[in-house]
Amino acid sequence: IMSVQNERFKSFETVTQSTVAVSSSPAQDVTNCKPYHCTVQNIGTQSVYMRVGATAATTSGNYTYILAGGANNNDGTGAMIDISGYTGTISFITASGTSNVVVSQG
């Protein structure tokens, strides 16, 4: 069992992080999420609408998740989601204003 666990965490050796600036228009896309590790955290103060597999919009049915903003920028209290195992496009948009998300993948 330990070898299986070690293989799973081996992917963390190659984790990359990118900060994506998100605004209300147009939606920002990140493609080719890695299958072993993929997390997204909102590090801004505005809610971010996120959609997997298509372009995000703020109207119902056009987002997969809403990531709540933090009290302050970069304070670690913004919503985070783990979508490890998913490979494909992720899209982000805000209803108004700007925010940033960190996409960690490997």
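The shown structure was predicted, so the numbers you read here are calculated from the model rather than taken from an experiment. Scope of the values below: all heavy atoms of this structure, side chains included, with no hydrogens, waters or symmetry mates. All residue numbers refer to positions in the sequence shown, counting from 1.
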Ignoring hydrogens, what is the shortest heavy-atom contact between [X] and [Y]? Give both atom names and the distance.
X   : Y    : value
G44 : S99  : CA-OG, 3.1 Å
A21 : N100 : CA-OD1, 3.2 Å
S96 : S24  : CA-CB, 4.0 Å
T55 : A27  : CG2-CB, 3.7 Å
D82 : S84  : OD1-OG, 2.6 Å

Mind checking what makes side-chain contact (heavy atoms from CB on, under 4.5 Å) contact with [X], not counting sequence neighbours?
X   : answer
Y49 : T58, Y63, I66, I93, A95
N62 : R51, A57, T59
N73 : T45
T89 : D29, T31

Problem set entry | Pair H37-T39, side chain to side chain contact (heavy atoms under 4.5 Å, CB included): steps then yes or no | CA-CA 7 Å; H37 171 80; T39 59; 3.8 Å; yes
Problem set entry | Connected-component partners of I43 among ILVMFWY, side-chain separation under 4.5 Å |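 Cluster partners of I43: V102.
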Exercise. Tracing side-chain links under 4.5 Å among I, L, V, M, F, W and Y, which residues wind up in one group with V40?
Worked result: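 Direct or chained contacts put V40 with V20, V22, V30, V48, M50, V52, Y65, L67, I81, I83, Y86, I90, F92, V101, V103.
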Exercise. Which pairs pass disulfide bond (SG atoms under 2.5 Å apart) with one or both residues in residues 38-70, sequence neighbours excluded?
Worked result: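 Checked against disulfide bond (SG atoms under 2.5 Å apart) - neighbours excluded - the pairs reaching residues 38-70 are C33-C38.
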For this session: Answer yes or no: is there a side-chain heavy-atom contact under 4.5 Å between Q105 and T16?
Result: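 In short, these two side chains touch, coming nearer than 4.5 Å.
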